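To start, the structure under review is shown below, and the notes come after it.
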Amino acid sequence: MDELVLTAARIGLLVLLWIFVFAVVGVVRRDMFAGGRSRRVVAPPRAAAAAAGGGGGGQAPAKVRKGRAAHQLVVTAGQLAGTRISLGETQITIGRAEDSTLVITDDYASARHARLVPRAGQWYIEDLGSTNGTYLDRSKVSGPTPVPIGVPIRIGRTSIELRP
């Protein structure tokens, strides 16, 4: 009788272990492959930006012009290439989180990856403790860093620029 109870307990534990493994695989799969299905994009898609006179994602990067204020944030590479966001006096948050100003579905972006903050007529990029880092041109951002117009900001596979 004791051997029967021990065998039933072993089989029960094995079944619970497999249920746990399948649950973990399902959660990881759902997180990795959710992609753009449940994500919202605050900025207009490429077609709307092109219709509004924005051009497209295939144009060359703008030359850096000193003394001019940035009025637009443009996604130049990645899934949202061609997306334009008008800049105002409020900060722009970038990441995978649904409440970000620019929601990017890049696997290499953190939920709250970076933010652009206006200070005295100049925009500054700050990394918010992301796993893979934020890069201004080819330099890793370690603190609040001024962003010149036309210099690419890279977050994973996504590149963005400030434009006049």
Side-chain angles (χ1 to χ4, degrees), residues 24 26-164:
V24 168
V27 168
V28 169
R29 184 175 175 267
R30 200 173 325 123
D31 186 45
M32 287 180 62
F33 298 112
R37 286 192 299 251
S38 65
R39 306 238 189 253
R40 69 179 174 87
V41 177
V42 176
R46 178 185 297 180
Q59 61 193 23
K63 293 182 180 177
V64 177
R65 293 186 180 113
K66 296 186 180 187
R68 296 192 64 184
H71 296 291
Q72 286 188 333
L73 177 69
V74 180
V75 180
T76 57
Q79 288 182 338
L80 298 175
T83 302
R84 294 174 178 268
I85 297 176
S86 294
L87 300 175
E89 293 298 318
T90 59
Q91 71 179 9
I92 305 289
T93 56
I94 305 165
R96 292 172 58 172
E98 295 292 328
D99 62 345
S100 296
T101 309
L102 179 62
V103 179
I104 54 177
T105 56
D106 195 321
D107 291 338
Y108 297 102
S110 299
R112 296 198 185 350
H113 197 98
R115 79 174 148 217
L116 280 163
V117 181
R119 291 185 194 148
Q122 174 71 41
W123 286 89
Y124 288 80
I125 185 78
E126 299 177 42
D127 186 83
L128 300 177
S130 64
T131 304
N132 295 314
T134 302
Y135 293 84
L136 180 62
D137 202 10
R138 292 187 179 137
S139 303
K140 189 169 184 175
V141 174
S142 58
T145 308
V147 180
I149 293 175
V151 175
I153 300 167
R154 189 171 50 83
I155 295 173
R157 294 183 185 126
T158 304
S159 253
I160 58 177
E161 291 180 9
L162 296 178
R163 300 271 174 93

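Predicted model, so just to flag it, every value in this text is computed and none were measured.
Of all heavy-atom pairs between Ile125 and Ala114, the closest is CD1-CB, 4.1 Å. Across Asp107 and Arg96, no two heavy atoms sit closer than the pair O-NH1, 3.7 Å. Summarising the geometry of Pro118 relative to Trp123, their closest heavy-atom pair is CD-CZ3, 3.4 Å, with the distance given to 0.1 Å. Scanning both residues, Val74 and Arg84, for their nearest heavy atoms gives CG2-NH1, 3.4 Å.
In this structure, Ile94 and Ser100 have side chains that are not in contact, with every pair of non-hydrogen atoms separated by 4.5 Å or more. For the pair Ile153 and Ser159, the minimum side-chain heavy-atom distance is 4.5 Å or more. Under the 4.5 Å side-chain criterion, counting only non-hydrogen atoms from C-beta, Ile155 is not in contact with Asp106.
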Under 3.5 Å donor-acceptor pairs involving side-chain atoms of residues 128-135, not counting sequence neighbours:
{"unit_1": "Ser130", "atom_1": "OG", "unit_2": "His113", "atom_2": "NE2", "d": "3.3"}
{"unit_1": "Ser130", "atom_1": "OG", "unit_2": "Asp127", "atom_2": "OD1", "d": "2.7"}
{"unit_1": "Ser130", "atom_1": "OG", "unit_2": "Asp127", "atom_2": "OD2", "d": "3.3"}
{"unit_1": "Ser130", "atom_1": "OG", "unit_2": "Gly133", "atom_2": "N", "d": "3.1"}
{"unit_1": "Asn132", "atom_1": "ND2", "unit_2": "Tyr108", "atom_2": "O", "d": "3.0"}
{"unit_1": "Thr134", "atom_1": "OG1", "unit_2": "His113", "atom_2": "NE2", "d": "3.3"}
{"unit_1": "Thr134", "atom_1": "OG1", "unit_2": "Asp127", "atom_2": "OD1", "d": "2.5"}

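Residues passing the side chain to side chain donor-acceptor pair (under 3.5 Å) test with Glu126 are Arg115, Arg119, sequence neighbours excluded. Residues passing the side chain to side chain donor-acceptor pair (under 3.5 Å) test with Arg138: none are found, sequence neighbours excluded.
Every pair tested for salt bridge (charged side-chain N to carboxylate O under 4.0 Å, His left out) that includes a residue from residues 141-158 fails, sequence neighbours excluded, so the list is empty.
Note that the CD1 atom of Ile160 and the CG atom of Leu80 stand 10.5 Å from one another [nearest 0.5 Å]. Rounded to the nearest 0.5 angstrom, Leu102 CG and Thr158 OG1 are separated by 8.0 Å.
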